[in-house]
Amino acid sequence: MSSMKRKRMMSSLNYDRFKVLHSETIMFCQIIEGDLKWIYDFMHKGDPAETRSKIANYTLVQIVNKLKELDNSDTKPCISASDYNFLSQMTEKRNYWYHQCYRDFLYEDSWLFSKDYEKVCNKLQKDHDRLDIVKIKLKR
């Protein structure tokens with residue numbers, strides 16, 4: 001193994017750690033989605049049980065859009081425009097981790113040592129840590 005490949009492997013996550021971080025990242029997205037549904041339910045006027053039933057199957061994109069629409073229906077939104085921008089970006093990140101990330105490196109020969117795997121590992125670590133912070137903040 002070349003020294004460059006060895007160095008790259010050391011800067012990338014081992015595959016077991018990758019799978020843990022990937023799983024946790026998806027979990028964070030699901031928790032955030034659930035918390036956004038509770039926030040929408042709290043802000044929505046009317047029967048809470050009926051509202052929860054209505055939004056139970058909303059996707060992350062749908063609940064972000066509905067929450068933004070409801071929140072901006074008066075002149076005093078509770079959530080900032082930059083936070084809504086982040087939530088929109090989060091839906092893109094979530095879709096990447098659900099549907100694309102493995103395809104970005106698994107077709108490479110010796111993928112564990114590839115630049116593509118290293119790139120995905122770095123992106124995963126960054127997204128994982130940022131979503132963990134958002135998840136914690138929403139719980140407060």
Side-chain angles (χ1 to χ4, degrees):
M1 179 184 322
S2 74
S3 62
M4 184 177 243
K5 279 189 176 181
R6 219 176 294 112
K7 185 177 180 182
R8 189 173 301 127
M9 184 179 175
M10 292 173 70
S11 65
S12 297
L13 299 168
N14 73 47
Y15 190 52
D16 286 337
R17 183 70 180 142
F18 178 92
K19 291 184 289 185
V20 168
L21 290 181
H22 181 260
S23 181
E24 287 179 352
T25 300
I26 290 171
M27 176 186 69
F28 297 159
C29 290
Q30 290 175 357
I31 289 169
I32 292 166
E33 181 178 336
D35 289 348
L36 292 174
K37 288 177 181 180
W38 279 107
I39 291 168
Y40 180 88
D41 184 40
F42 178 76
M43 291 172 67
H44 189 268
K45 293 179 180 155
D47 180 27
E50 186 178 309
T51 301
R52 277 192 302 277
S53 176
K54 180 180 172 186
I55 65 173
N57 293 319
Y58 280 11
T59 64
L60 180 58
V61 144
Q62 289 171 315
I63 195 61
V64 168
N65 289 337
K66 285 291 195 180
L67 182 60
K68 184 177 181 180
E69 180 183 315
L70 176 64
D71 194 20
N72 288 302
S73 64
D74 62 15
T75 57
K76 300 172 272 186
C78 297
I79 299 172
S80 71
S82 65
D83 287 341
Y84 280 116
N85 183 47
F86 172 79
L87 291 171
S88 293
Q89 290 174 8
M90 191 191 105
T91 63
E92 294 170 17
K93 291 177 186 304
R94 195 260 345 226
N95 287 342
Y96 174 80
W97 296 115
Y98 271 60
H99 304 294
Q100 179 62 41
C101 68
Y102 284 96
R103 288 186 271 168
D104 283 353
F105 64 83
L106 279 180
Y107 294 109
E108 297 282 328
D109 290 334
S110 303
W111 60 264
L112 188 59
F113 309 106
S114 71
K115 288 181 183 181
D116 290 335
Y117 178 65
E118 181 179 15
K119 183 178 172 184
V120 172
C121 286
N122 291 334
K123 180 178 174 63
L124 176 59
Q125 187 70 63
K126 180 181 172 189
D127 288 351
H128 173 275
D129 294 349
R130 186 159 186 212
L131 290 169
D132 190 24
I133 291 167
V134 172
K135 172 195 63 109
I136 291 166
K137 286 183 177 181
L138 278 175
K139 285 291 179 198
R140 292 181 184 167

Where at least one partner belongs to residues 69-82, residue pairs that pass salt bridge (Lys or Arg N to Asp or Glu O under 4.0 Å), sequence neighbours excluded: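 Found none.
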
Taking salt bridge (Lys or Arg N to Asp or Glu O under 4.0 Å) as the cut-off, I'd like each qualifying pair that reaches into residues 51-61, sequence neighbours left out, listed once.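 Checked against salt bridge (Lys or Arg N to Asp or Glu O under 4.0 Å) - neighbours excluded - the pairs reaching residues 51-61 are Asp41-Arg52.
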
Could you work out, with side-chain hydrogen bond (donor to acceptor under 3.5 Å, both in side chains) as the rule, every residue matching [X], not counting sequence neighbours?
X     : value
Tyr58 : none
Glu50 : none
Tyr15 : none

Just jot down the ring pair (Phe, Tyr, Trp, His ring centres under 6.0 Å) partners of Phe105, sequence neighbours excluded, or say none.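 Ring pair (Phe, Tyr, Trp, His ring centres under 6.0 Å) list for Phe105, sorted by chain: Phe18, Tyr102, Trp111, Tyr117.
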
Mind checking what makes ring pair (Phe, Tyr, Trp, His ring centres under 6.0 Å) contact with Trp38, not counting sequence neighbours?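 Residues passing ring pair (Phe, Tyr, Trp, His ring centres under 6.0 Å) with Trp38: none at all.
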
Using salt bridge (charged side-chain N to carboxylate O under 4.0 Å, His left out) as the criterion, list what pairs up with [X], not counting sequence neighbours.
X      : result
Lys93  : Asp127
Arg17  : none
Asp109 : none

Tabulate below the donor-acceptor pairs under 3.5 Å that side-chain atoms of residues 20-29 make, not counting sequence neighbours, or state none.
residue : atom : partner : partner atom : Å
His22   : NE2  : Trp97   : O            : 2.7
Glu24   : OE1  : His128  : NE2          : 2.6
Thr25   : OG1  : Leu21   : O            : 2.7

So, are Asp132 and Lys135 salt-bridged, with charged N and O less than 4.0 Å apart?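 Yes, Asp132 and Lys135 are salt-bridged.
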
Pairing residues for Ser53 by the side-chain contact (heavy atoms from CB on, under 4.5 Å) criterion, not counting sequence neighbours: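 Here no residue qualifies.
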
